[in-house]
Amino acid sequence: MRKLKMGMIGGGKNAFIGAVHRIAANMDGLIQLHCGAFSSNPDVSLESGKELGLSQDKCYESYSQMIETEARLPPEKRMDFVSIVTPNHAHFAPAMLALENGFHVVLDKPMTLSLEEAKLLEQKVKETGLYLCLTHTYAGYPMVKQAREMVAKNDFGAIRKIMVEYPQGWLSTDFENAGNKQAAWRTDPSKSGISGCMGDIGTHAAHLAEYISGLKITQICADINTVVAHRRLDDDGNVLLKFDNGANGILVASQIAAGEENSLKIKVYGEKGGLEWHQMEPNTLVVKWQDAPAQLYRTGNGYLEPIAAFNTRIPSGHPEGYLEAFGNLYKNFALTLQAKLAGKEPSAEMLDFPTVADGVRGMAFIENVIASGKSTQKWTEFII
């Protein structure tokens, strides 16, 4: 199969996440950067595209110009999909336009600014039959997939307890007013939406809990805080959870945990044992048993489930991390598109990437958590 041609929206000069997306997309030789509208500033977009080796005619002044121009080209000359790597407020419009013009979409999370927008994207995906991949990066780690498979095979019995925490410390001070662009837009309601911390990293924690356990959150009880003075969005929170099988859980997300880096952790407990995974030590899965010693499962070994092996590139003892996990999302998405172009049915392994349905649940999580944090009622239903 030929390489898939990617168009990028956002991710221009000095943009952290744009470079991550391009590295991830390029990792397995399945995708090439074809065109881009890399900035709302046309000059920056052109300059960024040239630095990435694109010809001037493939450096567009706006996302609408790119999508509409590429849509008019013959199939063999136009982009195959769009990767949208902009702040939250600039997700919905380009994603919808891309879908309306027949292009598949890769989109950063959270998917939109509101649940209403998320549902409109979901409906458009259903109407068109196109694919939308949402970049919940942590679902791409091999040992996360190993954990999910062990739970699905009932190795631990019925799941009873889920504990997930995501502490960061980078917003412990008024960083948004110190010239940091990432902090500025992430704490700006007009660009980030109704939530800061819970929208930015709480959604990752909630998705990971549901992804590994196979369960769905049904009720929440949230304590949402804004700790840094004059900040306009939440930067800390604690959420009690109930799941659709009766299990209970705890989700903690904070961006004011001074001294923490990116310390996402999850523990899942069943009737017979449980598991523990830390994002900052991603190649190890700790498996605990009620009546036997704990075990350490390590990436790249032959005893792992096929789904973990499918998402592993190198032998055991060679660490795979964030970029490789991000690359797995792009790899599985690309293999799915290639299968579709060849008239073949994608395998379950290929289809293992977060979708528009995960995006809808993510936006529902944000809106429900913020509403629960404001409510005087102890428990509130998780409403979609």
Side-chain angles (χ1 to χ4, degrees), residues 87-89 108-115 118 136-138 161-210 217-243 247-267 278-280 361-384:
N88 304 357
H89 73 290
D108 264 340
K109 47 60 53 195
M111 191 162 71
T112 53
L113 270 188
S114 69
L115 179 57
H136 274 297
T137 319
Y138 307 107
K161 184 82 172 182
I162 301 171
M163 302 166 66
V164 59
E165 63 176 75
Y166 199 158
Q168 296 177 336
W170 75 291
L171 289 177
S172 293
T173 60
D174 188 13
F175 212 23
E176 58 266 39
N177 292 315
N180 185 284
K181 291 182 179 180
Q182 286 287 323
W185 79 257
R186 291 178 192 276
T187 57
D188 182 348
S190 69
K191 293 181 170 62
S192 203
I194 64 171
S195 176
C197 176
M198 282 295 160
D200 191 16
I201 62 175
T203 49
H204 274 309
H207 180 264
L208 192 65
E210 292 194 338
I217 298 167
T218 56
Q219 290 180 292
I220 57 175
C221 178
D223 167 40
I224 304 300
N225 307 298
T226 303
V227 176
V228 174
H230 309 300
R231 182 164 284 161
R232 291 180 288 174
L233 293 173
D234 57 287
D235 51 22
D236 175 82
N238 313 286
V239 188
L240 299 177
L241 308 169
K242 291 191 183 299
F243 293 87
N248 66 81
I250 303 169
L251 185 154
V252 176
S254 180
Q255 292 175 311
I256 51 86
E260 292 286 0
E261 296 175 356
N262 203 60
S263 193
L264 173 62
K265 303 180 183 73
I266 186 166
K267 299 178 183 180
H278 295 201
Q279 193 274 152
M280 290 175 64
R361 288 198 64 81
M363 290 311 305
F365 173 79
I366 293 169
E367 296 199 1
N368 280 278
V369 159
I370 296 302
S372 176
K374 294 178 179 178
S375 173
T376 56
Q377 185 176 340
K378 182 177 179 182
W379 285 94
T380 58
E381 297 295 319
F382 189 95
I383 300 171
I384 296 184

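Excluded from the calculations below are hydrogen atoms, water molecules and symmetry mates; all remaining heavy atoms, backbone and side chain alike, are included. These numbers come from a predicted model, not from an experiment. Along the sequence shown, residues carry numbers from 1.
- Ser114 OG to Glu367 CD: the interatomic distance, rounded to the nearest 0.5 Å, is 6.0 Å.
- For Ser263 (side chain) and Pro167 (main-chain N/O), no donor-acceptor pair under 3.5 Å exists by modelled atom type.
- Residues Ile224 and Ile370 have side chains in contact (heavy-atom distance under 4.5 Å, counting atoms from C-beta outward).
- Here His278 contributes atom NE2 and Leu264 contributes atom CG; the two are 9.5 Å apart, rounded to the nearest 0.5 Å.
- Phe365 places a side-chain heavy atom less than 4.5 Å from the side chain of Met198.
- For the residue pair Leu171 and Ile256, the shortest heavy atom distance occurs at O-CG2, 3.2 Å.
- One distance of note links NE2 of His230 with CD of Glu176; it measures 11.0 Å at 0.5 Å rounding.
- Between Leu240 atom CG and Asn248 atom CG the span is 8.5 Å, to the nearest 0.5 Å.
- Here the side chain of Gln279 pairs no donor or acceptor atom with the backbone of Tyr138 at under 3.5 angstrom.
- The two atoms that bring Ser375 and Thr380 nearest to each other are OG-CG2, 4.2 Å, heavy atoms only.
- Closest approach of Leu233 and Ser192 over heavy atoms only: CD1-CB, 3.9 Å.
- Judged by distance alone, with hydrogens and angles left aside, the side-chain atoms of Asp188 form a donor-acceptor pair with the main-chain N or O of Ser190 at under 3.5 Å.
- Put simply, CD1 on Ile162 and CG on Leu251 are 10.5 Å apart, with the number rounded to the nearest 0.5 Å.
- Put simply, CD1 on Ile194 and CG on Asp234 are 9.0 Å apart, with the number rounded to the nearest 0.5 Å.
- Not a single donor-acceptor pair under 3.5 Å links the side chain of Asn88 to the backbone N or O of Gly193.
- Judged as a side-chain hydrogen bond (donor to acceptor under 3.5 Å, both in side chains), and not counting sequence neighbours, the contacts of Ser254 are Asp236.
- A donor and an acceptor atom, one from each side chain of Glu381 and Gln219, are located under 3.5 Å apart.
- Scanning for salt bridge (charged side-chain N to carboxylate O under 4.0 Å, His left out) contacts around Glu210 gives Arg361, with sequence neighbours left out.
- Just one of Asp200, Asp235, Thr187 meets the side-chain hydrogen bond (donor to acceptor under 3.5 Å, both in side chains) condition when paired with Gln255; it is Asp200.
- Counting only heavy atoms from C-beta outward, the side chains of Leu208 and Tyr166 never approach each other to under 4.5 Å.
- Closest approach of Ser372 and Ala222 over heavy atoms only: OG-N, 2.9 Å.
- A pairwise comparison of heavy atoms in Val228 and Ser172 identifies CG2-O, 3.6 Å as the closest pair.
- Arg231 places no side-chain N or O within donor-acceptor distance of the main-chain N or O of Gly196, the cut-off being under 3.5 Å.
- A search for salt bridge (charged side-chain N to carboxylate O under 4.0 Å, His left out) contacts involving Glu165 returns Lys265, not counting sequence neighbours.
- Within a 6.0 Å sphere centred on NZ of Lys161, other residues, nucleotides and ligands contribute more than 12 heavy atoms.
- With hydrogens and angles disregarded, a donor-acceptor distance shorter than 3.5 Å links the side chain of Asn368 to the backbone of Ala364.
- Between Ile366 and Pro110, some side-chain heavy-atom pair lies under the 4.5 Å cut-off.
- The side-chain heavy atoms of Ile250 and Leu241, taken from C-beta on, include no pair separated by under 4.5 Å.
- Taking the six-membered ring for Trp and thresholds of 30 and 60 degrees, His204 and His136 have ring planes more than 60 degrees apart, a perpendicular arrangement.
- For the residue pair Phe243 and Ala209, the shortest heavy atom distance occurs at CZ-CB, 4.5 Å.
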